[in-house]
Trainee: 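Pasting a structure below so you can have a look.
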Amino acid sequence: MNIGEKWTALWNGDFGLAHEIIDPDFRIRFGSGPGGDGLRGPDDFAGFIKHWLEIHPGLVFELEIPQLEAGSEVVLRWRATWDDVPEGHSGIDQLTVVDGRVTRAWSVTGARSFTPMG
């Protein structure tokens with residue numbers, strides 16, 4: 001699995017990946033929504049995701065396109081659906097990856113799904 005697939009698996013509850021892919025100095029910023037500015041490292045982040053999954057029954061994340069990479073930056077476009085919102089939401093995450101671990105993440109989400117361009 002590449003880093004984007006592992007990131008998505010972590011968001012889907014594979015918490016064993018946290019110490020593999022999240023740097024001890026990890027920080028995240030969300031464009032809106034759940035906060036997270038105080039999260040540090042793999043344990044904080046895994047706990048945050050666990051809580052998020054608990055309060056959103058049926059939440060599932062999937063990558064919509066293959067990850068885009070430029071140097072240490074990885075960009076992911078994703079979609080999330082859950083029991084209360086079957087039409088889903090979309091978002092874009094930008095990850096800074098050093099030695100296979102995410103050191104910084106920026107996540108922006110919207111209250112609608114991306115539609116295919118054509």
Side-chain angles (χ1 to χ4, degrees):
M1 277 195 283
N2 63 35
I3 194 71
E5 293 164 337
K6 290 178 181 180
W7 176 262
T8 304
L10 176 58
W11 273 98
N12 283 322
D14 188 349
F15 302 118
L17 289 169
H19 282 274
E20 178 183 336
I21 68 165
I22 302 298
D23 191 82
D25 293 325
F26 170 81
R27 304 280 304 271
I28 189 167
R29 295 290 188 260
F30 292 98
S32 64
D37 289 356
L39 297 174
R40 304 285 187 277
D43 293 326
D44 275 3
F45 191 50
F48 171 83
I49 293 171
K50 183 178 182 189
H51 175 72
W52 198 247
L53 291 173
E54 287 171 353
I55 63 173
H56 295 92
L59 181 60
V60 176
F61 292 89
E62 63 182 316
L63 292 176
E64 290 193 315
I65 61 171
Q67 70 183 33
L68 305 173
E69 298 179 43
S72 64
E73 301 302 308
V74 175
V75 177
L76 310 170
R77 192 176 94 190
W78 52 265
R79 182 175 191 278
T81 57
W82 61 98
D83 294 351
D84 292 342
V85 187
E87 67 276 8
H89 289 235
S90 291
I92 296 173
D93 290 354
Q94 179 179 337
L95 314 176
T96 301
V97 181
V98 177
D99 297 327
R101 291 182 180 212
V102 180
T103 60
R104 299 287 182 268
W106 294 263
S107 184
V108 180
T109 186
R112 60 178 269 199
S113 289
F114 288 118
T115 56
M117 291 188 199

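All of these numbers come straight from a predicted model, not from anything done at the bench.
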Trainee: Ignoring hydrogens, what is the shortest heavy-atom contact between Asp83 and Gly58? Give both atom names and the distance.
Mentor: OD1-CA, 3.6 Å
Trainee: Could you tell me the separation between the CG atom of Leu59 and the CD atom of Glu54, rounded to the nearest 0.5 Å?
Mentor: 12.0 Å
Trainee: Restricting to non-hydrogen atoms, name the atom on Arg27 and the atom on Arg29 that form the minimum distance, rounded to 0.1 Å.
Mentor: NH2-NH2, 2.8 Å
Trainee: For the residue pair Leu10 and Phe45, establish whether any side-chain heavy-atom pair is separated by less than 4.5 Å.
Mentor: yes
Trainee: Quick one: do Phe48 and Val60 end up in the same hydrophobic cluster if we chain Ile, Leu, Val, Met, Phe, Trp and Tyr together by side-chain heavy atoms under 4.5 Å apart?
Mentor: no
Trainee: Nearest 0.5 Å, what's the CD-CG distance between Glu69 and Asn2?
Mentor: 7.0 Å
Trainee: Ignoring hydrogens and angles, write down the donor-acceptor pairs under 3.5 Å from the side chains of residues 12-24, residues two or more places apart or on other chains.
Mentor:
{"unit_1": "Asn12", "atom_1": "OD1", "unit_2": "Phe61", "atom_2": "N", "d": "2.7"}
{"unit_1": "Asn12", "atom_1": "ND2", "unit_2": "Thr8", "atom_2": "O", "d": "3.3"}
{"unit_1": "Asn12", "atom_1": "ND2", "unit_2": "Phe61", "atom_2": "O", "d": "2.8"}
{"unit_1": "His19", "atom_1": "NE2", "unit_2": "Asp43", "atom_2": "OD1", "d": "2.7"}
{"unit_1": "Glu20", "atom_1": "OE2", "unit_2": "Lys6", "atom_2": "NZ", "d": "2.5"}
{"unit_1": "Asp23", "atom_1": "OD2", "unit_2": "Asp25", "atom_2": "N", "d": "2.9"}

Trainee: Listed by chain and number, what are the ring pair (Phe, Tyr, Trp, His ring centres under 6.0 Å) partners of His56, not counting sequence neighbours?
Mentor: Trp52, Trp82
Trainee: Please determine whether residues Ile92 and Leu68 belong to a single hydrophobic cluster, defined as Ile, Leu, Val, Met, Phe, Trp and Tyr linked transitively by side-chain heavy-atom distances below 4.5 Å.
Mentor: yes
Trainee: Using 0.5 Å steps for rounding, measure from the CH2 atom of Trp78 to the NE2 atom of His89.
Mentor: 8.5 Å
Trainee: Heavy atoms only: give me the nearest Gly4-Gln67 pair and the separation to one decimal.
Mentor: N-OE1, 2.7 Å
Trainee: Any chance you could measure Trp11, atom CH2, to Leu76, atom CG, to the nearest 0.5 Å?
Mentor: 12.0 Å
Trainee: How long is the gap from CH2 on Trp7 to CG on Leu63, to the nearest 0.5 Å?
Mentor: 11.5 Å
Trainee: When you compare the side chain of Trp106 with that of Thr96, does any pair of heavy atoms fall below 4.5 Å?
Mentor: yes
Trainee: I'd like to know if the side chain of Thr109 and the backbone of Ser90 have a donor-acceptor N/O pair within less than 3.5 Å.
Mentor: yes
